[in-house]
Number of protein chains: 2
Amino acid sequence: MHMRSEGGQSDTVIRRLRSFRPLSAAAASALDKVVRERILRVGAGHDLVSEGDPSDRIRIVLSGWLARYKTLEDGRRQIVNFVLPGDSCDAYVYLLARMDHSISSLTPVTYSEIRREQFDELIASDRMLADAFWCETLANASIQREWVLNIGRRVALERVAHLLCEICERLRPVGLMDGNSCAFPVTQMDLADATGLSVVHLNRTLQELRAGDLIVLRERTLTINDLDALKNLALFNANYLQYPQAIG
Amino acid sequence: MHMRSEGGQSDTVIRRLRSFRPLSAAAASALDKVVRERILRVGAGHDLVSEGDPSDRIRIVLSGWLARYKTLEDGRRQIVNFVLPGDSCDAYVYLLARMDHSISSLTPVTYSEIRREQFDELIASDRMLADAFWCETLANASIQREWVLNIGRRVALERVAHLLCEICERLRPVGLMDGNSCAFPVTQMDLADATGLSVVHLNRTLQELRAGDLIVLRERTLTINDLDALKNLALFNANYLQYPQAIG
DNA sequence: CGTTTAGTTGACCGTGCTCAAGGGGCGTGG
DNA sequence: CCACGCCCCTTGAGCACGGTCAACTAAACG
């Protein structure tokens, strides 16, 4: 007995963009129309975009998780951000010539692929929509800065706690938190690459969080037992996520 | 016997933006006019912008170095990026409500402060100019991602080497490299905060670079003796800086 | 001339890495 | 149905990279 307001498949995307700007029903349905035109699926473990690719298309994630990552020649890998349902992979990157990083699917992913010209046309039709996409881009940059702080100055325990807090806070507004639990389809290797730790140490850090009764993480499900305590430990402050309603 | 093309005080800014988009003489002089309207100076060690400030003004750096940084409650500090002459502090951030980080001057700084409305008007007048500012914003995001990789996956020696390479490559297009040397007005504490290291270890890392005859750093001047060797050591690849002309 | 700030060095220690091995779940093929 | 391989998680042991603490020097500054 779900009432779907207007979005259908692109509900999540619209919720996400509305966390930045109020979108009119007209804008939402224009977006929905464009999104539906070319919906693709890909299994886990595929690169949607590779470093060096020309950046001529926009991709918007409808379901599934992805990771933006960079690698060094000798194979060291760093995840620089997660791409969650509702996020766009690279709105506006076509202003630059080439991708500076790769994006790979951590789970099976459904996404919409939009040609640059079509995207241009879409955002030209509605100022709020254009601004919402820009806000998303700027919010991503803000997250990126927090990650530099996280990896540069937080110790392992704080760092992992912070990442978990961030993911939950990002999943909540798109309706993917079920109370204090969420699907968490990420391997420990991915978490290690996202936090700049080794897999072994990440494993031990997770166990420390479990031992403190802060989290339960098993069978690809994360439950936060005590969110306030976890945020305290992580020195977490949600402002950098740039959700206007959540600030001050 | 310098011939100044059109910019005067905003030469550096125009060079910087032209590394992203060809700007017409008209666009350049419109920018120059706006820049000149309100030029401010500030000594070293001042916060131009503080975390939480409303982001209602644009600042463009004419001379001097600044650092974007974030802090944790207990005082740990991480520089997340340097702001160099020609860079704008925060074009377009006014789309978001508040600053997520602070910006402080590392040296005396000359900068232009532009009101949001005035900036809107300026970029509405010239598409290339608007795009150039957007490119700068996106290029900054790209640098931010590289920093996550740098701090997350490079060891101290590579990490410091990488930062030095980046700074030189960014100073070159705005004419601030003198051969292989440049003014380098940054304390070791700043470098430590930018690389996620302690001051003591940063000091030892610099000495290791000096011992390998890779760099000379004294009296606020950096000389790179062997840039190729330094880039090799740092696993440095300039693509992420997003200068179109420098990319394959 | 005292005080502050930046750089340097030594000694010690701890966080987090490496290497190595083993266990559990799951899909595939014999 | 079981064997096998693969992926992911876990654990132990040892070590190294980088942090902390402390002291000293040199230059800058009022």
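Residue numbering restarts at 1 for every chain, and letters A, B, ... go by the order of the sequence lines.
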Any cation-pi pair here, B/R77 with B/Y69, using under 6.0 Å and within 45°? yes
Starting at the 5' end of DNA chain C and moving along, which residue's nearest nucleotide shows up first, A/V200 or A/R154? A/R154
Using 4.0 Å as the upper bound for N to carboxylate O, is an ion pair formed by B/E208 and B/R204? no
Is there a donor on the side chain of B/R218 or the base of C/dG7 sitting less than 3.5 Å from an acceptor on the other? no
Between D/dG19, D/dT11, D/dC9, spot the one nearest the side chain of A/Q207, thanks. D/dT11
Just say parallel, tilted or perpendicular for the rings of A/H162 and A/F236, cut-offs at 30° and 60°. tilted
Looking for any heavy atom pair under 4.0 Å, which part of the strands does A/G45 touch: base, sugar-phosphate only, or nothing? nothing
Report for the helix from C/dC1-D/dG30 to C/dG30-D/dC1: angle between first-end and last-end helix axes, five pairs each, rounded to 10 degrees. 30°
How many angstroms lie between CZ in A/R153 and CZ in B/R76, if you round to the nearest 0.5 Å? 9.0 Å
Of all the choices, C/dT9, C/dG16, D/dT11, which nucleotide is nearest to the side chain of A/N203 once you look at every atom? D/dT11
Assign each of A/M189 and B/S198 to its nearest nucleotide of DNA chain D by heavy atoms, then name whichever residue's nucleotide is nearer the 5' end. A/M189
Could you check whether B/E169 and B/Y243, counting side-chain N and O atoms only, form a donor-acceptor pair closer than 3.5 Å? no
Polar pair under 3.5 Å, donor/acceptor by atom type, side chain A/R159, base C/dG16: no
Closest nucleotide among C/dT18, C/dA6, D/dC8 to the B/R220 side chain: C/dA6
If the test is side-chain contact (heavy atoms from CB on, under 4.5 Å), which one of A/V13, A/L40, A/T12 qualifies with A/L62? A/V13
From the set D/dG19, D/dG12, C/dT8, return the single nucleotide nearest to any side-chain atom of B/H201. D/dG19
